[in-house]
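These notes are about the structure you will find just below.
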Amino acid sequence: MKRLILILGDQLDLKGTALRNFDLNNDEVIMIESMQEAQYVWTHKAKIALFLSAMRHFAKSLKDLNYPLTYIQSSPLPIVAALKEKIVKEQIKHLICIEPGEWRLKQQIEELSRELSITLEMREDDHFYCTHQEFVKWVDGKKELRLEYFCRLMRKTHHILIDAEGNPEGGQWNFDQDNRKPYSKKGPGIIDEPVLFEPDSITQEVITFVNATYSEHPGLLDDFRWPVTRTQALEALDYFVEYRLRNFGVFQDAMWTDTPFGWHSILSSSLNLKLLNPREVIGAVLLAWKKYDLDLSTVEGFIRQILGWREFVRGMYYLDMPQMAQDNYYDHQRPLPKWYWTGQTNMACMQDAIGQTLKYGYAHHIQRLMVTGNFALLAEILPSAVCDWYLAIYVDAIEWVELPNTAGMALFANGGRFTSKPYIASGAYIKRMSNYCGSCKYKPEVRFGESACPVTTLYWNFLIKHREQFEASPRTRLMTANLKRISDEDQNSIQKHSQYVLSHLDEL
Ligand SMILES: Cc1cc2nc3c(=O)[nH]c(=O)nc-3n(C[C@H](O)[C@H](O)[C@H](O)COP(=O)(O)OP(=O)(O)OC[C@H]3O[C@@H](n4cnc5c(N)ncnc54)[C@H](O)[C@@H]3O)c2cc1C
Ligand code: SF4
């Protein structure tokens with residue numbers, strides 16, 4: 001009996017679990033380009049182009065290997081409706097797929113199998129170290145869910161950066177204090193550029209199609225140079241570990257105008273599309289550590305992102321969905337300022353972070369967390385509007401990784417389920433970590449009045465408003481202690497100016 005194997009746009013691995021035990025004489029693969037996937041959030045052109053190009057390259061590899069394949073191009077139907085048509089038409093009784101990275105799609109496929117009374121084999125995605133069962137076991141009985149302890153467990157379980165005696169390499173688990181420095185006041189100096197890939201004929205065709213079909217969508221395609229095949233992704237990985245990993249850790253949090261990638265790996269889209277497996281990324285980093293005599297701090301800092309954060313947020317997503325998408329701890333309701341889609345604001349930090357996002361579909365972690373995310377929290381924006389923006393605008397955005405980072409980490413929308421405090425900062429932090437403030441209309445140290453930095457005004461306003469919450473926790477008490485140094489009169493002025501700022505967000 002024929003089995004149908006569905007491969008989604010973020011499951012592009014020939015060795016993935018979907019194609020295991022494939023019967024070339026009997027089974028068939030189906031891949032579906034649904035136009036609705038590009039439209040349910042107002043998706044950046046580069047994200048659409050990346051998915052379409054990578055899918056078409058993958059389809060070509062399947063054909064070259066003689067896999068029977070139905071490839072549906074530009075379907076107006078949702079994925080599951082197009083899938084249903086095929087199943088009904090050919091009376092298929094057995095559907096195989098890998099668990100989707102989006103709750104919505106997972107539910108829809110399960111519903112479809114019930115509706116059509118077919119066998120559904122939803123296989124585990126083996127592009128992660130931690131299974132759902134292992135994560136649930138780790139969570140069980142814990143009062144606090146913290147990345148640090150999860151990361152230690154992952155390292156011990158998989159013997160990564162663990163010495164012969166079972167202790168962490170270098171005698172400590174975490175090298176955060178050696179990492180996260182700003183660039184020198186003179187600037188970042190010479191940074192080895194990441195490897196970029198000229199669009200081939202398939203990508204060029206996709207770019208033409210996306211520009212014509214989604215012309216109103218945000219973002220540009222002029223600088224589209226993302227890896228779209230496994231070969232390119234492997235090349236990007238090799239290049240990163242050889243030239244750029246050495247300074248990853250120390251400048252992980254640094255920001256500078258016109259420095260869109262810093263020393264970051266730019267590997268998230270390849271990892272999330274499954275062009276790369278995290279095991280080979282970590283393997284390459286461990287080899288490079290010895291080969292190029294790299295600092296342990298940079299190696300640990302990088303591995304923590306992949307073995308720690310990436311696995312942790314995925315575990316949290318499947319644990320807390322569908323609630324996670326609805327959480328709104330502070331009951332924030334304001335609409336997203338329009339300039340999130342254009343970058344046209346006087347705030348230099350936002351201009352730079354959003355400007356490069358529109359250009360490449362990329363911003364690094366601190367820009368996402370402490371610039372656009374921090375502002376969205378302080379400006380009391382409706383979490384679902386912020387999450388839709390992040391899902392739409394970054395080439396690496398798939399809900400399992402985007403939502404926990406945005407709702408959980410940046411917006412504290414789940415009330416600190418896995419973070420010990422809201423990640424908020426004033427303009428002083430942005431000034432310390434970047435050169436943005438030097439060219440800004442606003443002044444980071446001014447708390448109210450015409451030249452006041454909106455980030456600073458809203459930061460103090462947030463602390464005044466949530467003083468009790470911040471005072472209740474030892475992790476945040478110091479922040480309200482600083483508030484005590486501001487006179488009552490100035491606190492009133494901050495609150496008054498905040499009201500003005502909050503009611504004129506589009507004009508900042
Ligand atoms: C509000 C917000 C939204 C985010 N949305 C996404 C998203 O949609 N997709 C996504 O892949 N990452 C997301 N991140 C995490 C992180 O910002 C990106 O993974 C990173 O910027 C990608 O760039 P890079 O490959 O150069 O990463 P590097 O800085 O080089 O890090 C190496 C790798 O570690 C992993 N990683 C690092 N931080 C995280 C994290 N917090 N969670 C999960 N994986 C991590 C990524 O796979 C990344 O490629 C988000 C972070 C925030 C604060
Ligand atoms: S002054 Fe404020 S708004 Fe301007 S760049 Fe600095 S932090 Fe951003």
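No hydrogens, no waters, no symmetry mates; every other heavy atom, side chains included, goes into these values. Not measured: the values here are computed from a predicted model. We count ligands from 1, going down the list as the structure has it; atoms in each ligand are counted the same way.
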Next on the checklist: Using modelled atom types and a 3.5 Å cut-off, is there a donor and acceptor pairing between side-chain atoms of W256 and backbone atoms of G262?
Outcome noted: no

Checklist entry - If you take all heavy atoms of A49 and F224, which pair is closest and at what distance? => result CB-CE1, 3.8 Å

Next on the checklist: Can you confirm whether I366 sits close enough to M433 that some side-chain heavy atom of one is under 4.5 Å from a side-chain heavy atom of the other?
Outcome noted: no

Next on the checklist: Looking only at the aromatic ring of each residue, does the gap between the centers of Y362 and H264 stay below 6.0 angstrom?
Outcome noted: no

Checklist entry - Ignoring water, what protein N, O or S atoms are under 2.8 Å from atom 2 (Fe) of ligand 2? => result C453 SG

Checklist entry - Which residue pairs pass the side-chain hydrogen bond (donor to acceptor under 3.5 Å, both in side chains) test when at least one of the two sits in residues 238-253, sequence neighbours left out? => result D192-R246

Checklist entry - What do you reckon, are the aromatic ring centroids of F135 and F128 less than 6.0 Å apart? => result no

Where does ligand 1 get N/O contacts under 3.5 Å from the protein, atom by atom?
{"residue": "ligand 1", "atom": "9 (N)", "partner": "D396", "partner atom": "O", "Å": "3.0"}
{"residue": "ligand 1", "atom": "9 (N)", "partner": "D396", "partner atom": "OD1", "Å": "3.1"}
{"residue": "ligand 1", "atom": "11 (O)", "partner": "N272", "partner atom": "ND2", "Å": "2.8"}
{"residue": "ligand 1", "atom": "17 (O)", "partner": "H365", "partner atom": "ND1", "Å": "3.1"}
{"residue": "ligand 1", "atom": "21 (O)", "partner": "H365", "partner atom": "N", "Å": "3.3"}
{"residue": "ligand 1", "atom": "23 (O)", "partner": "Y362", "partner atom": "OH", "Å": "3.4"}
{"residue": "ligand 1", "atom": "25 (O)", "partner": "S265", "partner atom": "OG", "Å": "3.4"}
{"residue": "ligand 1", "atom": "25 (O)", "partner": "I266", "partner atom": "N", "Å": "3.4"}
{"residue": "ligand 1", "atom": "25 (O)", "partner": "L267", "partner atom": "N", "Å": "3.0"}
{"residue": "ligand 1", "atom": "25 (O)", "partner": "S268", "partner atom": "N", "Å": "3.0"}
{"residue": "ligand 1", "atom": "25 (O)", "partner": "S268", "partner atom": "OG", "Å": "3.3"}
{"residue": "ligand 1", "atom": "26 (O)", "partner": "S265", "partner atom": "N", "Å": "3.4"}
{"residue": "ligand 1", "atom": "26 (O)", "partner": "I266", "partner atom": "N", "Å": "2.8"}
{"residue": "ligand 1", "atom": "26 (O)", "partner": "Y362", "partner atom": "OH", "Å": "2.7"}
{"residue": "ligand 1", "atom": "29 (O)", "partner": "H264", "partner atom": "ND1", "Å": "2.7"}
{"residue": "ligand 1", "atom": "30 (O)", "partner": "S265", "partner atom": "N", "Å": "2.8"}
{"residue": "ligand 1", "atom": "30 (O)", "partner": "S265", "partner atom": "OG", "Å": "2.7"}
{"residue": "ligand 1", "atom": "38 (N)", "partner": "Q305", "partner atom": "OE1", "Å": "3.3"}
{"residue": "ligand 1", "atom": "41 (N)", "partner": "N405", "partner atom": "OD1", "Å": "2.9"}
{"residue": "ligand 1", "atom": "42 (N)", "partner": "N405", "partner atom": "ND2", "Å": "3.0"}
{"residue": "ligand 1", "atom": "49 (O)", "partner": "S268", "partner atom": "N", "Å": "3.1"}

Next on the checklist: For the aromatic rings, using the six-membered ring if either is Trp, is the centroid distance between W389 and F375 under 6.0 Å?
Outcome noted: no

Next on the checklist: I'd like to know if R368 and D396 make a salt bridge, using a cut-off of under 4.0 Å between side-chain N and carboxylate O.
Outcome noted: yes

Checklist entry - Tell me, which pairs form a ring-ring contact (aromatic ring centres under 6.0 Å, His included) where one or both residues lie in residues 417-447, sequence neighbours left out? => result F312-F418

